[in-house]
Undergrad: 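Sending over a structure as structure tokens; questions will come in a sec.
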Amino acid sequence: MSHELPKTYDPGLIESRWAEYWVAEKLFSVATPEPGSQEAQKPIFTLLLPPPNVTGRLHMGHMLNQTEMDVIIRWRRMRGFVTLWLPGTDHAGIATQMMVERQLASEGKTRQGLGREAFLQRVWDWKKHYGGAIQAQMKRLGASVDWDREYFTMDENLSRAVTEVFVRLHEQGLIYRGMYIVNWCPRCMTAISDLEVVHEDFAGKLYQFRYPLADDPRQFVTIATTRPETMLGDTAVAVNPADKRYENLVGRKLRLPLMEREIPIIADEFADPQFGSGAVKVTPAHDPNDFQIGLRHGLAQINIMDEQARINENGGPYKGLDRYEAREKVLRDMESLGLFAGIKDHAHAIGKCDRCKTIVEPRLSTQWFIKIQPLADRAIEAVEKGEITFTPENYAKTYFEWMRNIHDWCISRQLWWGHRIPAWHCQCGEITVARATPDKCPKCGSTKLEQDNDVLDTWFSSGLLPFTVFGWPEKTRDLDVFYPTTLLITGFDILFFWVARMIMLGCHFMAGHPKGSVPFHNVYIHALVRDADRQKMSKTKGNVIDPIEVTEKYGTDAVRFTLASMASPGTDIAFSESRTDGYRAFANKIWNAARFMFMNLDRVSGASLTVGATENQLNKLENRWIYSRFHRIAGEVNQSLADYRFDEAANTIYKFFWGEFCDWYLEIIKPSLSGPPQEARDALRFLGDVFEGSLRMLSPFMPFLTEEIWHAMYDGKPPEKSIALARYPEVDQCWLNDQAEEQMIVLQDLIEKVRNMRAEMKVEPKVKTPIKFHAASDIRALVMENRAMVERLAGVNGIEFAETSLAQVAGSRSTPKFEVALVYEQKVDVAAERERLTKELAKLQTEMANAERQLGNEQFLAKAPAKVVEGIRRRQSELQELIEKGKTSLSKLG
RNA sequence: GGGCGAUUAGCUCAGCUGGUUAGAGCGCCUGCCUUACAAGCAGGAGGUCCACGGUUCGAGUCCGUGAUCGCCCACCA
């Protein structure tokens, strides 16, 4: 029997192999538990993957997101939950359409030239290609999702559910169609929602114009605007009713220059007397405020732009000009008319299309909307009542802020790629919303019906996923069992786009669900992954780190561990490869520890890896100690994961495995391993036991490496098909051993002090030296018992126990528990030693002063907890002694 | 215009409800190929915890003000 691992750790080799194995064996596919079955008794843990867009490849943010989800889901799985992690992709309407259009453009084609049908075929081809790429990448990252349940937001069943939701909302009066001012992207040629507009500060200009009175061209009213071209569509000028300056003008007419039409001066509260001249031009078709004013005063709405923001026939001589060309011409023309009244700098924000960064134009158009208030009310309540919690908690605030100031949601898009709106138009003007194409118009009976050309906002369908993925509107067992999902892990960038919408729609459509209507119970919001210089990654900056590339370079396990160890809540992650390099070294460390174990296993006759040990077998301190440490950190790691503290969990394991297990335990047991066969076999049993447990503890973070070693440990016959199906370690109180841990600390301290003295005195590493040791009897007994360990690890060849203090021996070291000195003929470096001692003494004295000040303070003694006071007292007496010894040593140096 | 977050070692970040000596990785210095691992081992240097004020017996931690940086939200021309 032999346990083979290649000499060098090559992550690429082992990772692709296990990635394929997990998928092929369907290890993470979940059958819906049958009622009454054993599975049905287990707690359920459901996780929905935020579906990546099919626009391209996964980026670092996806990898962070998926690493966190995978760590949690693997941990829960190993803790005995029925764990379902549902993967999928999003059709991402506007984004995907843009990509395909760009692709077409490079071939000299256009979407319009191709026609709707052929264009959609092109998009489906694109989806097939990129959807597959995303799937392959996820597999490579080790995401333990249930591939059998993979979804795409435009799958037939999901599309049917979208239609059903639309129809029901319409029936409930929560969807309406109407002509309003919407955000219009002239490049994408579609309406977009408020959320899809990004505001950017802009150093703009404020232009002032004079509009002459119709009946007295010598008199003017001065107005100001940042968008001069919109004056072509002005239908009034408004002043504040309380503004005395304009009292006499209200009701009179102005002559709108350039367009030469008369427009009224009206009184409206909106006009702010403090701003500019106090008079404001009103363009109901091109400004949301003006639109409202127009409604209040029954003003005409003159739309002066086409869908590409070029001036249309309503703009008279300006027809055909682009909006900015028109702006220039309007300015010139007003100036030549002598009606230009000034220009000044005006910093304001402009809205840009989230997708293409084109400046958005407020435009009057007919769109479909969701009446959002009723949905928002319930969504607010769900979080207020704690049905949903946020981690970090802070995000609840942001959520409330948005939810409480919500506006109706424009859901129609003038795109081709997406879920087509289930409404049919008849020539008679009737619009029928229905689940399927109606036979005839219910009003006029015509059979010439045409489906609405618009599609739905992408987020409309993704907002439904928490219930549609389980088969809604059918009453399925999946819905009973898996809804509500347990946890949502996502980025803050889609808090409103997606999280908020899921809550509103989930609560609405799942109202009355026996396990609660909310789509999930907890939302964990993770940070942004930035580059090493904290810059946002972006294609234009060229600082995008491709997860697959970095994974190929360092191994998936190392990258996963990097992300996990840096994922502390609330702060962005500055991803630096140097950190990843460090974790690859950690993976390598684990690998070599395994090789070390296997090497001994193969060497010692009759040795086998019997997992499990009983307490009475732990007759050696190092074993009592390592078992205690293992269980203690197992408790800590479980707690950290329960709190979504991936960083704490990862760092705890890292420190344990490297700093304790490898640096100390393995070194301590080496003599036993090469000792008599029985002793070696015993040592190997404990070693294997702790190692195996450590692998299980590490497995959610480094699934590939741990899988590889775990299988090798069991010589290809593991108790489960995968370490991912084994139990996660938990703290077992009976193994915790405070005494063993305290004793080890003393021994470690002693060994380190001796090593330090040897280094300072420049003792050749190969030369062994004796030491003198002075301590209380219990410490002395401890050192006696573990004499071999101390001698070996400290490079010592004899311990002389001294009855008196060693403080005056040059180069000696004093601690509260012991004093130790090297027996070495070479002279100590007096100057260096004096410097060291002086520094140490100063530190001790500062601390002493602190302690004395506190202990001399009545208030402190009266108010501080006894434990704290007692601690400081004890420390004070220690300090007292250490300072005395330090002084002695220092004076001895001369 | 509102709201939020951050500021701790040269760099990147931990530090949980205030409690004895503020930690890690990388980098740096010194010495080592010691029967797994040089992707390693051992030893070491390095911090006015942004500033000021306050609460408290006690503040990196709580409160205020300011500075610097970052983010989110926002229909005032």
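Quantities reported herein were computed from a predicted structural model and do not represent experimental measurements. Computation of the quantities below employed the complete heavy-atom set of this structure, encompassing side-chain atoms and omitting hydrogens, waters and symmetry-equivalent molecules. Order of the sequence lines sets the chain letters (A, B, ...), proteins ahead of strands, with each chain counted from 1.
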Undergrad: For A:I590, which contact category applies under a 4.0 Å heavy-atom criterion: base, sugar-phosphate, or nothing?
TA: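 Here A:I590 touches no strand at all.
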
Undergrad: Is the phosphate of B:rG43, meaning OP1 or OP2, less than 4.0 Å from a side-chain N or O of A:R755?
TA: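 For A:R755, the contact criterion (side-chain N or O under 4.0 Å from OP1 or OP2 of B:rG43) is met.
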
Undergrad: What nitrogen or oxygen pairs link the protein and nucleotides 15-19 of chain B at under 3.5 Å?
TA:
| from | atom 1 | to | atom 2 | distance (Å) |
| --- | --- | --- | --- | --- |
| B:rG15 | OP1 | A:R645 | NH1 | 3.1 |
| B:rG15 | OP1 | A:R645 | NH2 | 3.1 |

Undergrad: Mind checking A:K753 for me? I need base, sugar-phosphate or nothing, with any heavy atom below 4.0 Å counting as a touch.
TA: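 No contact.
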
Undergrad: At 4.0 Å (heavy atoms only), tell me whether A:D290 reaches a base, stays on the sugar-phosphate, or touches nothing.
TA: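 No contact at all - A:D290 keeps every heavy atom at 4.0 Å or more from the nucleic acid.
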
Undergrad: Taking 4.0 Å as the cut-off, does a side-chain nitrogen or oxygen of A:K397 come that near to OP1 or OP2 on B:rC4?
TA: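 Yes, within the criterion.
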
Undergrad: Taking OP1 and OP2 of B:rA42, is either one under 4.0 Å from a side-chain nitrogen or oxygen of A:N756?
TA: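 So the side-chain polar atoms of A:N756 never come under 4.0 Å of the phosphate oxygens OP1 or OP2 of B:rA42.
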
Undergrad: Each nucleotide N or O in nucleotides 74-76 of chain B that has a protein N or O under 3.5 Å away: list the pair and distance.
TA:
| from | atom 1 | to | atom 2 | distance (Å) |
| --- | --- | --- | --- | --- |
| B:rC75 | O2' | A:N289 | ND2 | 2.9 |
| B:rC75 | O2 | A:N289 | OD1 | 2.0 |
| B:rC75 | O2 | A:N289 | ND2 | 3.1 |

Undergrad: Base, sugar-phosphate alone, or nothing: which one does A:E401 contact when heavy atoms must sit under 4.0 Å apart?
TA: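 Since no nucleic acid heavy atom lies under 4.0 Å of A:E401, the category is nothing.
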
Undergrad: Within less than 4.0 Å of OP1 or OP2 of B:rC37, is there a side-chain N or O belonging to A:K7?
TA: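 Yes, because at least one side-chain N or O of A:K7 sits under 4.0 Å from OP1 or OP2 of B:rC37.
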
Undergrad: Are there runs of at least three consecutive Watson-Crick or G-U pairs touching RNA chain B, with each pair's two distances under 3.5 angstrom? Give them by first number.
TA: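 Expected stems, ordered by start: B:1-7 with B:67-73, B:10-13 with B:23-26, B:28-32 with B:40-44, B:50-54 with B:62-66.
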
Undergrad: Quick one: is A:W658 getting a side-chain N or O under 4.0 Å of the B:rC41 phosphate, OP1 or OP2?
TA: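 True: A:W658 side-chain N/O within range (under 4.0 Å) of B:rC41 OP1/OP2.
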
